[in-house]
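Beneath this line is the structure, given in structure tokens, with notes to follow.
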Amino acid sequence: MKKITHIVNGTPFLKWIKKSFSETDYENCFILLDLKQKNVFNCEEDVYKISIDNKGKCKILEIVNDSDIVIHYFLDYTKSELILNSNDNVKHYWYFFGGDVYQQLNVFRKKIFLPETKKWMRFHLKYYFRVEIRNFLYKYIKKKKTPESILLLSLNRVEKVLWYIEDEIKLVNSKIKLPGFIYHKFFKFEDVFPYNHSKLDLKSDKILLGNSAAIENNHLDFIPFLKSYGMSNELILPFSYGDEYKYKLKVKEEFRKHLGNKVTFIEDFLKLDDYYQFLNSFQTAIMLHGRQQALGNIFYLLANGTKLYLSEKNIVYKWLLDLGIHVFSFENEFE
């Protein structure tokens, strides 16, 4: 029996991945990468939890080399290294996420920010030159190949890209040469929206903005709207993850200046069921990402009946419209 090893960075999607491969004729093994701790090596049934220190990478490589197929969910520096160091007979597949290329390759990263966010970044070079600084650190301080070059090299060993938005793969392929594309998603509609009817609170007039504190949310590009029109609704910003410290302070400062106590930042992590209850509070939501991001939130909000505004720069805006799903343009339709 052939063996597939799945390498993922965290637990949220593991249940769905396991379910999607449960009826195949393969032996499945799952590796959860511990990105923070050292000397971690735990195994429960078919799931390994392994740290990415040198000792951990050696153990992961042993498992990889004992596999027929390896599927990498999000292609980061660690997984690219594993691909390049693995035996030639191992076949690698990359399950595309988006951040793999948009955050790690400058050919995309400089184009995903909207005008106000980009303006702020120009005065905060750590954000604007994030990829260049990271590459300099690896090349001249660590004396290693840059993460950008490692990722691009590893694509030569990848058999296929797995994803379900073909237009996005075409977009990425127009800038960098990708392996072939196979349509695949590891979840079903019921996984994303586990109810048989809408749970939307029709009495609430709160508005949701973004899905995290990460700068890719382009929160600052909502400020010109507030300056021009103001807003009577309460605005809620999920801020429980995204480690952009100075950016978070700037967003809080600007929104409190214009909205006072009518803006709330949710900084506590919520369990999935509690997060669904949280999303049920919004008849209107705004996602200003300039690239594919927050798809889980988007799918849930749409299924629940929320009126959703996206930036027209986001490939997901066009994709959903082409599918016949009515989403709204923030640039031209928000009121």
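The structure presented is a predicted model; accordingly, all values stated were derived computationally and were not measured. Side-chain atoms are counted along with the backbone in the values below, which use heavy atoms only and exclude waters and symmetry mates.
- The side-chain hydrogen bond (donor to acceptor under 3.5 Å, both in side chains) test applied to Glu81 returns Lys57, Tyr77, not counting sequence neighbours.
- Aromatic pair Tyr276/Phe278: centroids not less than 6.0 angstrom apart.
- Put simply, the residue from Asp34, Leu33, Ile52 that forms a side chain to side chain contact (heavy atoms under 4.5 Å, CB included) with Val40 is Asp34.
- Annotation for Ser281 and Ser204: closest pair O-OG, 2.7 Å, computed over non-hydrogen atoms.
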Query raised in the report: Are Phe21 and His6 close enough, and set up right, to give a ring pair (Phe, Tyr, Trp, His ring centres under 6.0 Å), and what steps lead you there?
Result: CA-CA 10 Å; Phe21 282 87; His6 307 260; 4.6 Å; yes
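- One hydrophobic cluster, built from ILVMFWY side chains closer than 4.5 Å, cannot hold both Tyr241 and Leu237; they sit in different ones.
- Taking the six-membered ring where the residue is Trp, Phe96 and Trp94 present tilted rings, their angle falling between 30° and 60°.
- What you find for Lys246 and Tyr127 is that their closest heavy atoms are N-OH, 3.2 Å.
- The existence of a salt bridge linking Lys18 and Asp46 is confirmed by a sub-4.0 Å separation between a basic side-chain nitrogen and an acidic carboxylate oxygen.
- Listed for the His219 side chain is no donor-acceptor partner under 3.5 Å among the backbone atoms of Ile215.
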**Report entry** Chi angles and distances behind the side chain to side chain contact (heavy atoms under 4.5 Å, CB included) call for Val8, Phe30
**Finding:** CA-CA 8 Å; Val8 298; Phe30 303 88; over 6 Å; no
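- A salt bridge links Asp66 to Lys3: one of the charged nitrogens lies within less than 4.0 Å of a carboxylate oxygen.
- The aromatic rings of Phe222 and Phe330 are tilted relative to each other, their planes meeting at an angle between 30° and 60°.
- For Phe225 and Phe334, the gap between ring centers is short of 6.0 Å.
- Among all heavy-atom pairs drawn from Arg109 and Gln103, the shortest one is CD-O, 3.6 Å.
- A 4.5 Å side-chain heavy-atom check between Leu208 and Leu279 finds at least one atom pair inside the cut-off.
- Every residue meeting the side chain to side chain contact (heavy atoms under 4.5 Å, CB included) condition with Glu333, not counting sequence neighbours, appears here in chain and number order: Tyr309, Tyr317, Phe328, Ser329.
- In terms of modelled atom types and a separation under 3.5 Å, the side chain of Thr306 and the main chain of Leu308 share no donor-acceptor contact.
- Follow the hydrophobic side-chain contacts under 4.5 Å out from Leu137 and you never reach Leu152; the two are in separate clusters.
- Glu159 approaches Pro179 most closely through the heavy-atom pair O-CB, 3.7 Å.
- Applying the salt bridge (charged side-chain N to carboxylate O under 4.0 Å, His left out) test to Lys2 and every residue at least two apart in sequence or in another chain returns nothing.
- Geometric assessment of Lys110 against the ring of Tyr128 yields a positive cation-pi assignment under the 6.0 Å and 45° thresholds.
- Under a 3.5 Å cut-off, the side chain of Asn218 and the backbone N or O of Leu288 do form a donor-acceptor pair.
- Between Asp268 and Ser240, the shortest heavy-atom distance links the atoms O-CB, 3.6 Å.
- Salt bridge Lys119/Glu116: present, at least one basic N to carboxylate O contact under 4.0 Å.
- The two atoms that bring Asp100 and Leu75 nearest to each other are OD2-N, 2.8 Å, heavy atoms only.
- Checked by atom type and distance alone, the side chain of Lys262 pairs as donor or acceptor with a backbone atom of Met231 at under 3.5 Å.
- For Phe123, the side chain to side chain contact (heavy atoms under 4.5 Å, CB included) criterion is met by no residue, not counting sequence neighbours.
- Ring planes of Phe255 and Phe265: perpendicular class, angle over 60° (limits at 30 and 60°).
- Lys185 is linked by a side chain to side chain contact (heavy atoms under 4.5 Å, CB included) to Tyr95, Tyr164, Tyr183, Phe187, counting only residues two or more places apart in sequence or in another chain.
- In this structure a side-chain-to-backbone donor-acceptor pair under 3.5 Å is present from Asn314 to Arg291.
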Requested in this report: Could you walk me through whether Val90 and Val70 pass the side chain to side chain contact (heavy atoms under 4.5 Å, CB included) test, one step at a time?
Outcome: CA-CA 7 Å; Val90 180; Val70 179; 3.7 Å; yes
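- Judged by distance alone, with hydrogens and angles left aside, the side-chain atoms of Ser154 form no donor-acceptor pair with the main-chain N or O of Ser80 at under 3.5 Å.
- Ring planes of Tyr73 and Phe97: perpendicular class, angle over 60° (limits at 30 and 60°).
- Counting heavy atoms from C-beta on, the side chains of Ile4 and Ile71 come closer than 4.5 Å.
- Take Lys38 and apply the side chain to side chain contact (heavy atoms under 4.5 Å, CB included) test, not counting sequence neighbours, and it matches Asp53.
- Salt bridge annotation for Asp76-Lys79: present, with a cationic side-chain nitrogen under 4.0 angstrom from a carboxylate oxygen.
- Side-chain contact between Val64 and Asn85 is absent, with no heavy-atom pair separated by less than 4.5 Å.
- Linking ILVMFWY side-chain heavy atoms closer than 4.5 Å, directly or via other members, places Val131 and Leu155 in two distinct hydrophobic clusters.
- Because its NZ or CZ atom is not both nearer than 6.0 Å to the ring centre of Tyr245 and within 45° of the ring axis, Lys248 does not count as a cation-pi partner of that residue.
- Among the candidates Lys252, Arg256, Lys250, the single residue satisfying the salt bridge (charged side-chain N to carboxylate O under 4.0 Å, His left out) test with Glu254 is Lys250.
- Although no hydrogens or angles enter the test, the distance criterion places a donor-acceptor pair under 3.5 Å between the side chain of Asn233 and the main chain of Asp205.
- Look at Asp191 and Lys19 and you find a salt bridge, because one of the NZ, NE, NH1 or NH2 atoms lies within 4.0 Å of a carboxylate O, short of that distance.
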